[in-house]
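Residue numbers count from 1 along this sequence.
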Amino acid sequence: QVQLVESGGGLVQAGGSLRLSCAASGRTLSSYIMGWFRQAPGKERQFVAGIRWSDGSTRYADSVKGRFTISRDNAKNTVYLQMNSLKPEDTAVYYCAADPSWVVRVTPAEYDYWGQGTQVTVSS
């Protein structure tokens, strides 16, 4: 089992920045992929960014490329999502997910473990 706890959400003005954290426990993550997803009211959960823990390779949704950066800290067993140049359309609940896989996947159903989510609200 892997437990995931997100933090760092909040209210920010458009153009601002936030950094989300996802602390993982329960398993060694060297053979896992980690993903950030988001879900706005009335919409499906969508992929934002992912990282392969073993080598740090990353993948991003087109909508966040150049603005968001995913990274991990091996010593802290934590994944981060640095979000810059935030837009009102980035408003959503952001979820961290993990899966024992080699390929960063973009479909929520392919992830086994999820955090509880953290709200990000961007005001215009």
Side-chain angles (χ1 to χ4, degrees):
Q1 286 280 32
V2 175
Q3 292 79 43
L4 303 172
V5 179
E6 301 100 332
S7 61
L11 173 64
V12 64
Q13 288 188 333
S17 298
L18 281 175
R19 189 177 80 156
L20 306 183
S21 300
C22 172
S25 61
R27 288 280 176 88
T28 300
L29 298 176
S30 57
S31 60
Y32 277 66
I33 57 169
M34 306 293 293
W36 283 101
F37 289 78
R38 66 188 181 187
Q39 189 167 18
K43 295 189 176 181
E44 293 186 351
R45 194 168 296 189
Q46 63 176 195
F47 174 79
V48 175
I51 188 167
R52 184 161 61 202
W53 196 276
S54 59
D55 63 2
S57 60
T58 59
R59 184 175 181 178
Y60 295 92
D62 288 343
S63 58
V64 306
K65 279 181 183 176
R67 300 189 299 124
F68 290 11
T69 303
I70 188 171
S71 62
R72 86 258 192 257
D73 184 324
N74 288 327
K76 295 182 178 180
N77 236 29
T78 298
V79 173
Y80 302 100
L81 185 68
Q82 178 66 45
M83 306 186 295
N84 299 328
S85 302
L86 282 162
K87 305 175 182 179
E89 52 262 44
D90 295 318
T91 295
V93 177
Y94 282 70
Y95 296 91
C96 176
D99 192 71
S101 177
W102 185 248
V103 178
V104 175
R105 304 179 189 279
V106 301
T107 305
E110 296 184 284
Y111 285 76
D112 286 347
Y113 303 101
W114 290 86
Q116 82 288 351
T118 185
Q119 176 71 46
V120 171
T121 303
V122 183
S123 63
S124 57

Practice item. Mind jotting down which residue pairs meet the ring-ring contact (aromatic ring centres under 6.0 Å, His included) criterion with at least one end in residues 84-109? Sequence neighbours excluded, please. Key: none
Revision key, fill the gap. The remaining residues in the hydrophobic cluster of Leu11, counting side-chain heavy-atom contacts under 4.5 Å among Ile, Leu, Val, Met, Phe, Trp and Tyr, are none
**Study point:** Sequence neighbours excluded, every pair satisfying salt bridge (charged side-chain N to carboxylate O under 4.0 Å, His left out) that has a member inside residues 110-124
**Key:** Arg105-Glu110
Which pairs of donor and acceptor atoms, one on a side chain in residues 117-124, lie under 3.5 Å apart (sequence neighbours left out)?
residue: Thr118; atom: OG1; partner: Gly9; partner atom: N; Å: 3.2
residue: Gln119; atom: NE2; partner: Ala92; partner atom: O; Å: 3.4
residue: Gln119; atom: NE2; partner: Thr121; partner atom: OG1; Å: 3.3

Check your understanding: Can you name the residues that form a side-chain contact (heavy atoms from CB on, under 4.5 Å) with Ser71, not counting sequence neighbours?
Key -> Tyr80
**Study point:** ring-ring contact (aromatic ring centres under 6.0 Å, His included) contacts in which one or both residues fall within residues 6-52, not counting sequence neighbours
**Key:** Phe37-Phe47, Phe37-Tyr111, Phe37-Trp114
Practice item. Walk me through it: do Val103 and Ile33 pass the test side-chain contact (heavy atoms from CB on, under 4.5 Å)? Key: CA-CA 7 Å; Val103 178; Ile33 57 169; 6.0 Å; no
Check your understanding: Tell me, do Met34 and Leu4 make a side-chain contact under 4.5 Å, heavy atoms counted?
Key -> yes
Point to revise | salt bridge (charged side-chain N to carboxylate O under 4.0 Å, His left out): pairs with one or both residues in residues 32-47, sequence neighbours excluded | key: Arg38-Asp90
Point to revise | Check: Glu6 and Leu20 side chains under 4.5 Å, non-hydrogen atoms | key: no
**Study point:** Side-chain donor or acceptor of Arg72 paired with backbone N/O of Val79 under 3.5 Å
**Key:** no
Point to revise | Residue pairs passing the disulfide (SG to SG under 2.5 Å) test where at least one lies in residues 39-76, sequence neighbours excluded | key: none
Check your understanding: Which pairs count as disulfide (SG to SG under 2.5 Å) when at least one residue sits in residues 16-119, sequence neighbours excluded?
Key -> Cys22-Cys96
Practice item. Hey, could you give me each pair passing side-chain hydrogen bond (donor to acceptor under 3.5 Å, both in side chains) that has a residue in residues 10-22? Not counting sequence neighbours. Key: Ser17-Asn84
Revision key, fill the gap. Residue pairs meeting salt bridge (charged side-chain N to carboxylate O under 4.0 Å, His left out), one or both in residues 54-66, sequence neighbours left out, come to Arg52-Asp55, Asp62-Lys65
Review point. Do side-chain atoms of Tyr60 reach the backbone of Ile70 as a donor and acceptor pair under 3.5 angstrom?
Key: yes
Review point. Can you list the steps and then say if Leu81 with Phe68 is a side-chain contact (heavy atoms from CB on, under 4.5 Å)?
Key: CA-CA 7 Å; Leu81 185 68; Phe68 290 11; 4.2 Å; yes
Review point. Is Val106 reachable from Val93 through a run of I, L, V, M, F, W or Y residues, each pair having side-chain heavy atoms under 4.5 Å apart?
Key: yes
**Study point:** Residues in side-chain contact (heavy atoms from CB on, under 4.5 Å) contact with Gln3, at least two apart in sequence or another chain
**Key:** Gln1, Ser25
Practice item. Evaluate the side-chain proximity of Val104 to Ile51: yes if any heavy-atom separation is below 4.5 Å, no if none is. Key: no
Practice item. Taking Ser63 for its side chain and Ala61 for its backbone only, find out whether a donor-acceptor pair lies under 3.5 Å. Key: no
